[in-house]
Every structure is written in structure tokens, then in C-alpha cells.
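Remarks on the structure that follows.
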Number of protein chains: 2
Amino acid sequence: MPEQAAGTGHRAAPVHTHPDDVALLTALSALADPVRIQLVRELAAQPDWTLSCSNFDVPVGRAAKSHHFTVLRGAGLVEQRDQGPKRLNRLRREEFDARFPGLLELTLRADDLE
Amino acid sequence: MPEQAAGTGHRAAPVHTHPDDVALLTALSALADPVRIQLVRELAAQPDWTLSCSNFDVPVGRAAKSHHFTVLRGAGLVEQRDQGPKRLNRLRREEFDARFPGLLELTLRADDLE
DNA sequence: CGCACTGTATGATGGTCATCGAACATTGAG
DNA sequence: CTCAATGTTCGATGACCATCATACAGTGCG
């Protein structure tokens with residue numbers, strides 16, 4: 001099969017939560033972690049669907065990184081799509097900003113003293 | 001002594017942190033707690049300097065409540081002033097909003113699903 | 001002074017969570 | 001098929017934190 005959608009995947013699709021279904025406390029808790037803040041920032045610095053999980057430069061192992069992505073998905077911050085063995089990521093900018101106006105911008109702002 | 005300033009207080013003054021000196025992670029962590037969110041909301045619903053700590057209706061004991069106010073002060077969210085045996089509170093709306101635009105408004109917004 | 005009220009400080013406790021190592025699953029390439 | 005690469009899952013561990021009960025310290029009133 002040539003380029004047939006590349007999506008025959010028998011793999012379990014990642015579970016997503018739309019920002020509209022996310023509680024404020026969940027969103028704040030998701031962002032109240034230095035590793036996850038860094039993930040969101042690196043994600044924002046590259047085009048959508050260009051970064052796979054292993055491309056992020058955070059000081060934790062694969063297992064912890066996978067856990068953090070689960071949390072970010074659950075908070076409506078990240079969308080993931082499988083492509084081959086990789087899991088590509090996208091920051092849900094507009095949808096999240098519609099639910100929590102300003103919060104993402106705040107997170108992405110390069111503040112000193114962090 | 002009649003109304004002589006009411007400030008002879010030998011009590012240790014509460015330690016405050018200006019929002020400008022607060023890291024994003026600190027602010028998010030402070031608000032990522034249901035009790036503290038409720039404290040901030042009740043505080044916002046009344047005029048400044050009208051609520052003493054014991055006036056807040058949260059389901060924790062005095063000790064825990066005191067702890068939460070310490071966290072809120074350290075995040076630049078609350079200012080406290082001693083008056084007699086009471087410690088009056090004020091939400092630092094403008095200063096906090098200048099440092100973290102939109103975050104306070106987000107917190108005060110009555111979202112369902114929390 | 002003695003007392004009620006208000007808030008803080010001090011351990012102690014329990015739960016949550018971030019992390020790791022190792023095992024496992026899936027995918028695509030050789 | 002075999003292998004390397006990518007992620008997930010599981011169990012265990014350790015740290016952090018919210019909470020409590022208790023004791024303590026100011027404050028003002030009678």
C-alpha cells in the first residue's frame with residue numbers, strides 16, 4: 001500500500017478531552033508543573049504536528065514524559081495523532097483560549113523569575 | 001488610649017510578596033487548590049478590609065485556613081492587615097492582574113463543572 | 001487580672017503525584 | 001523475520017502538601 005492514509009493503526013488511540021469539558025481546577029493543576037510548562041512552550045515554538053513526544057527536551061525519562069502528555073491531553077491542552085511509530089502533537093491554542101482566555105498566553109510569555 | 005492608631009501591635013506583621021516578585025509557577029500552584037479558589041472568590045465578593053480570616057466559609061479547620069492564607073500572601077494574591085485580634089484581608093486585584101493579566105478574572109468567573 | 005476570641009506554630013498523618021526501572025506493544029526498516 | 005525506535009503500562013519509591021489536633025501568643029473586654 002503506497003500512501004494509503006498511513007492510518008491502519010491497530011494501536012489504541014489517545015484519549016482526548018475538549019477544553020470545554022475541562023474544569024478550571026484541572027487546567028490550573030495541569031499548568032502548575034515546571035515540566036509541563038516547558039512542554040507547552042516547546043510545543044508552541046514549532047508548527048503543529050511536527051513534534052513527536054521524544055523530541056521534547058525535558059529532564060525526565062520516557063515514562064514520566066508519557067504521563068505528562070496524558071495530563072496535558074486531559075486538560076484539553078494537547079492533541080495527539082499517531083503517525084507510524086511516532087505520536088505527533090499539536091497545541092490546542094484557539095480551543096483552549098476560548099475556554100480559558102489569557103491562560104495560554106500567560107503560560108507562553110517569557111517571564112523572568114521562574 | 002482612645003483611638004490611638006490601634007496599631008501598637010506587638011504581633012508579628014504578616015509577610016507579603018508583591019505580585020511582581022511572584023513566579024508564574026507559584027501563582028498557578030496557589031490557585032490550583034479548591035479551598036484557595038473559594039477563599040479568593042469569597043474575598044472578591046466583599047469590600048476590601050471587611051473580612052477577617054474566620055469569616056470565610058471553607059471546610060477546613062483554623063490551622064489549615066491559616067496555612068492557605070500564607071500561600072495566598074506568598075503568591076501576591078492577598079494583603080492582610082491586623083486590626084485588634086482580627087486579621088483583615090484584601091484581594092490584590094489590580095497589582096495581581098498587572099502581573100498575570102486575566103488569571104484573576106478567570107478564577108473569579110463562575111464556571112460550571114468544577 | 002481572667003477570659004473569650006482570633007490567629008499562628010508545631011509535629012504527625014495520610015494521600016496524591018512525579019519519577020524511575022523494567023516489561024510490553026506497535027511500527028517500519030533491513 | 002529480526003531489529004531498532006517509539007510510547008505505554010505497571011509497580012515501587014520518595015517527596016511534597018493538605019489536614020488535623022494541640023499548644024501557644026496577642027487583643028480587648030468585663
Side-chain angles (χ1 to χ4, degrees), chain A residues 1-16 25-26 28-39 43 49-75 78-89, chain B residues 1-16 25-26 28-39 43 49-75 78-89:
Chain A
M1 312 166 183
E3 66 267 62
Q4 178 264 338
T8 318
H10 296 123
R11 183 160 36 165
V15 180
H16 287 104
L25 185 59
T26 304
L28 293 176
S29 300
L31 291 172
D33 179 283
V35 173
R36 289 194 287 265
I37 289 181
Q38 189 174 343
L39 288 176
L43 198 48
W49 310 122
T50 56
L51 289 181
S52 70
C53 300
S54 63
N55 287 333
F56 292 81
D57 187 29
V58 285
V60 295
R62 292 182 302 276
K65 206 184 291 189
S66 179
H67 163 67
H68 285 305
F69 276 107
T70 302
V71 174
L72 290 176
R73 281 200 317 265
V78 166
E79 188 181 356
Q80 293 185 313
R81 169 210 295 174
D82 285 341
Q83 175 177 321
K86 308 200 173 184
R87 185 157 281 192
L88 302 183
N89 297 276
Chain B
M1 311 167 183
E3 68 268 61
Q4 179 264 338
T8 319
H10 297 123
R11 181 157 40 163
V15 179
H16 288 105
L25 185 59
T26 303
L28 293 176
S29 300
L31 291 172
D33 180 282
V35 173
R36 288 193 289 264
I37 289 182
Q38 189 174 342
L39 289 176
L43 197 48
W49 309 121
T50 56
L51 290 180
S52 69
C53 300
S54 63
N55 288 332
F56 292 81
D57 187 28
V58 285
V60 295
R62 294 181 300 277
K65 207 185 290 189
S66 178
H67 163 66
H68 285 304
F69 276 107
T70 302
V71 174
L72 290 176
R73 282 200 316 266
V78 166
E79 188 181 355
Q80 293 185 314
R81 170 211 295 175
D82 286 341
Q83 175 178 323
K86 309 201 172 184
R87 184 157 280 192
L88 301 182
N89 298 274

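Predicted model only: the values in this text are computed from it and were never measured. Letters A, B, ... mirror the listed sequences (proteins, then strands); counts begin at 1.
Atom CZ of B/Arg81 is separated from atom P of D/dT27 by 16 Å (rounded to the nearest Å). Computed from coordinates, the A/Asp82 CG to D/dT8 C1' distance equals 11 Å when rounded to whole Å.
Taking B/Gln80 as the reference, B/Arg73, B/Asn89 meet the side chain to side chain donor-acceptor pair (under 3.5 Å) condition, with sequence neighbours excluded. In terms of the side chain to side chain donor-acceptor pair (under 3.5 Å) criterion, B/Thr26 has no residue partners (sequence neighbours excluded). For B/Thr50, the side chain to side chain contact (heavy atoms under 4.5 Å, CB included) partners at least two apart in sequence or on another chain are B/Gln46, B/Pro47. Residues that satisfy the side chain to side chain contact (heavy atoms under 4.5 Å, CB included) test with B/Ser29, not counting sequence neighbours, are A/Ala32, B/Leu25. Qualifying side chain to side chain contact (heavy atoms under 4.5 Å, CB included) partners for B/Val71, counting only residues two or more places apart in sequence or in other chains: B/Ala30, B/Arg36, B/His67.
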Per-nt protein contacts along nucleotides 5-21 of chain C (heavy atom under 4.0 Å; B base, S backbone sugar-phosphate only, - none) come out as -SBSB--------SBBB

